[in-house]
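First up is the structure itself, then whatever we jot down about it.
Any value given below was found using the heavy atoms of this structure, including those in side chains, with hydrogens, waters and symmetry copies removed. Treat the numbers as computed from the prediction; the structure is a model and nothing was measured. All residue numbers in this chain count up from 1 along the given sequence.
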Amino acid sequence: MAGVPSNLEREQIFSMAEKEMEYRVEMFNKLTHTCFKKCVENKYKDSELNMGENSCIDRCVSKYWQVTNLVGTLLGNTRPM
């Protein structure tokens, strides 16, 4: 049948999806760790983040994604000679 992936193709697709998910989980964990360490005090005074911590985390996450996208773009534009 045309258009139906073979078993090998399905395994390759599944493997690529697994790698993508692992990459995204790792990136999320790094982002969480980095921004939490930078923005949240070690001494917990309240059960929720204060306004300063919220603002810091917003800026941190935004910058993290901007840099990640920039690096991805730059790496995508470099071609081996």
For the pair Ser15 (side chain) and Glu11 (backbone), establish whether a donor and an acceptor sit closer than 3.5 Å, ignoring hydrogens and angles. no
Taking atom [atom1] of [X] and atom [atom2] of [Y], what is their separation to the nearest 0.5 Å?
X     : Y     : atom1 : atom2 : answer
Lys38 : Lys63 : NZ    : NZ    : 6.0 Å
Thr34 : Ile57 : OG1   : CD1   : 12.0 Å
Glu48 : Asn54 : CD    : CG    : 9.0 Å
Leu49 : Phe36 : CG    : CZ    : 7.5 Å
Trp65 : Met27 : CH2   : CE    : 5.0 Å

Verdict with supporting geometry, Cys39 and Cys56, disulfide bond (SG atoms under 2.5 Å apart): CA-CA 6 Å; Cys39 297; Cys56 180; 2.0 Å; yes
Here the side chain to side chain donor-acceptor pair (under 3.5 Å) pairs for residues 18-33, sequence neighbours left out, are Glu20-Arg24, Glu26-Lys30
Intermediate values then yes/no, side chain to side chain contact (heavy atoms under 4.5 Å, CB included), Arg59 and Ser55: CA-CA 6 Å; Arg59 285 189 311 273; Ser55 296; 3.5 Å; yes
With clusters defined by side-chain heavy atoms of hydrophobic residues (ILVMFWY) lying less than 4.5 Å apart, directly or transitively, does Val67 cluster with Leu75? yes
Run the salt bridge (Lys or Arg N to Asp or Glu O under 4.0 Å) test against Glu9 and tell me which residues pass, sequence neighbours left out. none
Where is the tightest heavy-atom contact between Glu53 and Glu41, given as atom of each residue plus distance? OE2-N, 3.5 Å
